[in-house]
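Input: a single structure, listed below in structure tokens.
Numbered from 1 within each chain, the chains take letters A, B, ... in sequence-line order. Everything numeric here is computed off the predicted structure, so don't read it as measured data.
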Amino acid sequence: MPETPEIPRDRNRQTDTPPTPDPAPTGSAYEPAEVEEKWYRYWEAGGFFDAEPDAVLEGGKAPFVIPMPPPNVTGRLHMGHALQDTVQDLLVRFKRMQGFEALWIPGIDHAGIATQNVVERTLKKDGVDRKAIGREAFLEHVWAWKEEYGDIILQQKRRLGDSCDWRYERFTMDDGLSRAVQEVFVTLYEQGLVYRGDYLVNWDPDNQTVISNEEVDNVERPGSLWTVRYPVVDDEGNETGEAIQIATTRPETIPADTAVAVHPEDERFTALVGKRVKVPTTGRTVPIIADDAVKMDFGQGALKVTPGHSEVDFEIGKRHDLETLSIMNLDGTLNELAGAYAGLDRAEAKTRIVTDLAEAGLLVKTEDYTVTTPISSRSKAVIEPLLSPQWYVAMEPLAKKALAVVDDGTITFHPSRWANEYRRWLEDIRDWPISRQLWWGHRIPVWYPVDETGERDEENFVVSVDSPGEGYVQDEDVLDTWFSSWLWPFATLGWPGQTDALKAFYPGSVLVSGYDILFFWIARMIMAGTHFLDEVPYTDVFITGMIKDKQGRWMSKSLGNGIDPLDMIEQYGADAVRYTLGVLCAQGQDIKLDPAKFEGGRNFANKIWNASRVFGRFVERDDAGRPTEDLRRERGFGELELAERWLLTRLHDTVEAVTEALGAYRISEAAHLAYDFVWRDFCDWYLEVSKAPFGETPSRETLALSTEVFEQILQLLHPFMPFVTEELWWTLRPREAGDALVASSWPAPDPAETDAEAAQTFATVQDLVTAIRQVRAQYNVPPSQDVRALVGAGDAATAAAVEGAREYVERLAGLSDLTIGADLEKPSASAAVVVGAHVVYVPLEGMIDLDVERQRLQKEIDGKRGFLAGVEKKLQNEAFVSRAPEAVVAKERQKAEDAKAEITALEANLADLG
RNA sequence: GGGCUCUUAGCUCAGUUGGUUAGAGCGCAUCGUUGACAUCGAUGAGGUCACUGGUUCGAAUCCAGUAGAGCCCACCA
């Protein structure tokens, strides 16, 4: 049995003193570099990311599990990782705070071809040739390379703040996973789902390996379409003078033709079917056959059949029992079957053959033609369809199960349209060629008997994890990289061992990935999970958009348009990068990324930092700078001031909305909601209103409430911006060691501490303040100059409400005097603004230009009238009043009334101006 | 050849089941250095939601079509 991975069982939360936060920041700007590293070290060493099977199995905690898409061992962190990791970490931290036993499993993929190429190139620089040193020595080099560079990307992920449980870290080539891979191969073979087949494969002549369909890109390229004469011959082999014209884009494969095909219903050729033609460039004659696959309207209506080098032709060949000639070597040169062209590279051969055809008078014409060319997505080499024996997985039985779990809703895709893509692929799936002609990878567990001469018996192989014993040699090939990564969600937990980790954390919760590996990986993981464990690997799949450059192009080395996330972290801070990516992560559209966008995140982090200083500097501290006093609110909700009741109400609503949005993977929305609350509500209004006047210390009650709300702000923002929030967390009040923000609970404001009426009143205050500021701006009243204002309230009750908020309005609008009354005498030479049920007069003796004010009022009145007209038209519409819901109609009526009152007030003021 | 997505302010994009006078960030304009923050504050300008038609009392939102942009599948040699 494979080794069960060693996962420590004790939660090891640090009890040492946590790092010292900067207690009384003196600079005006937040410096992320100083705080990020120390907190990450504290979190990791303190075991704050640890997830324990026992907590689930015995503690009754609900698990939340995300398998990290393992980055390639050759990889460096790029923006795609940064985006996906941000989402994953956000979810993991959020769920962890919500009380889930949250596990994010990290690891690395061995990335067969990519790694082999990298190491091969490195060796070549030192003059070492892979083939010369042999398999064993080469693999030693690869392992050495892996040991040296293999975990760079995981270190980089730490910079981003990834809260993985690193104790679970795995590598797709480690012992446990290797064992799992081999067993899966054997199991599938025993189930009849792995087989060896001799078919046309996608051959990459550069890397000299087969690749799967998914690894091939079809690229349109300018090329040529040549029309070639194939002379018809009689039974004796003499040319009859007739000929069939054939259009082809691949004249270099002519020597491998084994038939010429026409459509059975094509009357132009009916008489010729059954006769033979002479294949140009070779003396061979081949039959003219009839097959449905031929398109009558393409070229001259006749097709050369080359079963050894074309998939369609291969199928035709099977139907007509044609010979399959393979004229190409594995390196893309032609072999001896190509006669005179043997030894030439395929491109060279093409040119030569065209020239020779022309000389022989067999070339009818050459046309420009756009050729769809298969390209290896990795090496960019033109793929050659070649006949080659390979190992395959029969996919249909696996696909059926994987389809069922999406159809029945066990797995949900976000956004849902990806489920359709997924279905489309699975419903029309082809068998998966899994063998690769590489050295770096999982060796195929197939053993061939060898005789004394060393001859391998290809027929009587044994499929087994371990060698059957003396006299057997193992298959030289390795398995496709994806054949190990499709086991990732459970192999990382110790499968096929029945470990506690597996019991506790399988099935997982969410997979976050880009759509680029939907087929490669996501779909196959679901197949593997449902097939081998009878359970889905996760219930939710969140598909992110792909990161493009500013102009919408893919980021690539050749274009040099990549943005290095580490540079961005250095420049703006990890929190800024994370927050910005969170904002941009809306509903799976691709993201055009301009590095300047990170400024927004940086500014937000800075804003939070500075906000804490408004009240944070009044917190008493010891010599080490730690807060010594635990300020707690003593007043009940009802005793709080208006602004405080409003703030708590907004906090409650915001937390609720953010929680809901995160739960539904609406990351961008959650980010915006939190931002608005922190910046607009907390900073712009609450802090401005509650700030102590110059030279005064705010009351303890004010400090207590500010601390309380800010603490929840930090919790709310922590999944987005873990570093700055953790740093500030320790500056608010004395905390026990280990009482870190990362381990705190997701905020849950008391629904009883909300007050819709207070919120309404405060909104009126905001409107009044804004209105007065508008007047000040309109008339360029400098902030240093105090003005008076008069608020005429509609009735005594609203007047009283505004009276209660008098101080706010005075302070925020810069008023020297505020008169409030239900029935005010309007001062002369004043600007008038209507705010809901209130009219605000701002006396501007000497500052006001009556003409300008008249114009402004008229414009305002016209606007309101236009609006009113629209509303009244709606209300006069019998159909609207009778068919629209009552609430909607009532709302419209209210709008009309408000507009009328506002117009009346404004008109009165206009009249007063004379 | 099939399928999917996108088109909303100068730019980049939000807009959940159809009901706001259509929003944000950046940019732009005007004003602002007394103790959180100029990585800031206040105020403002800026949109017939690609186009056409339909459904509906009501459409940026639903349906059909048109035009652009992009992506994914597919054996037209």
Side-chain angles (χ1 to χ4, degrees), chain A residues 25 28-30 213 218 225 246-250 253 261 293-295 297-299 302-306 310-316 369 371-372 385 415 417-418 420-421 424-425 428 515 518-519 546 550 552 572 576 580 583-584 586-594 596-597 599-617 660-661 664 666 668-669 672 675-676 683-684 687-688 691-692 694-695 769-770 773-778 780-784 812 814 863-864 866-867 870-871 874 877-885 887-889 891-892 895 899:
Chain A
S28 62
Y30 168 60
N213 247 0
N218 290 305
L225 183 67
I246 284 165
T248 178
T249 57
R250 302 212 57 198
T253 64
V294 181
K295 303 259 189 309
D297 54 356
F298 188 90
L303 171 71
K304 75 188 199 64
V305 182
T306 321
S310 156
E311 203 153 326
V312 195
D313 295 8
F314 186 76
E315 294 303 319
I316 296 175
Y369 188 73
V371 186
T372 307
R417 69 190 147 94
W418 292 109
N420 298 332
E421 287 282 298
R424 207 167 43 73
W425 186 71
D428 193 25
Y515 54 79
L518 178 60
F519 306 143
M546 307 300 294
K550 212 169 147 180
Y572 300 105
T580 303
V583 165
L584 294 175
Q587 291 309 305
Q589 293 298 323
D590 287 350
I591 295 168
K592 282 193 242 175
L593 186 65
D594 179 346
K597 289 201 170 159
E599 284 173 18
R602 178 201 56 185
N603 295 354
F604 189 36
N606 191 54
K607 188 74 181 177
I608 299 159
W609 171 263
N610 276 299
S612 81
R613 302 202 304 154
V614 175
F615 55 91
R617 69 202 148 98
E660 209 268 322
R666 298 195 306 268
S668 176
E669 187 187 326
H672 278 293
Y675 179 97
D676 282 344
C683 293
D684 288 351
L687 285 183
E688 291 304 325
K691 226 186 233 181
F694 179 75
V769 169
T770 304
R773 282 171 175 168
Q774 280 167 355
V775 172
R776 297 187 66 125
Q778 173 91 18
N780 279 328
V781 182
S784 52
L812 297 179
K864 300 267 188 220
F867 172 66
V871 175
K874 219 186 238 185
N877 182 348
E878 183 50 38
F880 171 72
V881 178
S882 60
R883 307 182 85 156
V888 174
V889 177
K891 209 167 154 192
E892 291 299 315
K895 279 188 204 165

message: Would you measure the distance from the P atom in B:C4 across to the matching atom in B:A64 and give it in whole Å?
response: 10 Å
task: Using the P atoms only, state how far B:A60 lies from B:A9, rounded to an integer number of Å.
output: 15 Å
Polar pair under 3.5 Å, donor/acceptor by atom type, side chain A:K691, base B:A36: yes
- prompt: Counting side-chain heavy atoms from CB outward, which of B:A42, B:G35, B:C37 is closest to A:R773?
  reply: B:A42
message: Could you tell me how far B:G41 sits from B:C73 if I compare only their P atoms? Round to whole Å.
response: 46 Å
- prompt: Expressed as a whole number of Å, how far does the C1' atom of B:U39 sit from that of B:G25?
  reply: 14 Å
task: Please state how far atom CZ in A:R417 lies from atom C1' in B:C4, giving the value in whole angstrom units.
output: 7 Å
Distance, rounded to the nearest Å, where A:L812 contributes CG and B:G41 contributes C1': 12 Å
- request: Among the candidates B:C75, B:A36, B:C76, find the nucleotide nearest to the side-chain atoms of A:V312.
  value: B:C75
task: First locate atom CZ of A:R773, then atom CG of A:L812, and finally report the distance between them rounded to the nearest 0.5 Å.
output: 5.5 Å
Under 4.0 Å protein heavy-atom contacts per nucleotide of nucleotides 13-26 of chain B, with B for base, S for backbone only and - for none: SSS---BSB---S-
task: Remember a base hit wins even if backbone is also touched, and classify A:Y369 as base, sugar-phosphate or nothing at under 4.0 Å, heavy atoms.
output: sugar-phosphate
task: Determine: side-chain N/O of A:Y30 to OP1/OP2 of B:A36, distance under 4.0 Å, yes or no.
output: no
message: With rounding to the closest Å, how many angstrom separate the P atoms on B:U56 and B:C51?
response: 23 Å
Closest nucleotide among B:A36, B:A77, B:C57 to the A:A879 side chain: B:C57
Between C1' of B:G44 and CG of A:N780, the distance in whole Å: 12 Å
message: Distance check, C1' atoms only: B:U66 and B:G18, in whole angstrom units.
response: 24 Å
field: Whether A:R617 side chain and A:R613 backbone form a donor-acceptor pair below 3.5 Å
entry: yes
query: At under 4.0 Å between heavy atoms, what does A:R602 touch on the DNA or RNA strands: base, sugar-phosphate, or nothing?
result: base
query: A:K607: what forms a salt bridge (Lys or Arg N to Asp or Glu O under 4.0 Å) with it, not counting sequence neighbours?
result: none
query: Taking both distances under 3.5 Å as the test for a Watson-Crick or G-U pair, what stems of at least three pairs does RNA chain B have?
result: B:1-7 with B:67-73, B:10-13 with B:23-26, B:28-32 with B:40-44, B:50-54 with B:62-66
query: Among B:C72, B:A77, B:G44, which is the nearest nucleotide to the side chain of A:E421?
result: B:C72
- request: Using the C1' atoms only, state how far B:U61 lies from B:U16, rounded to an integer number of Å.
  value: 11 Å
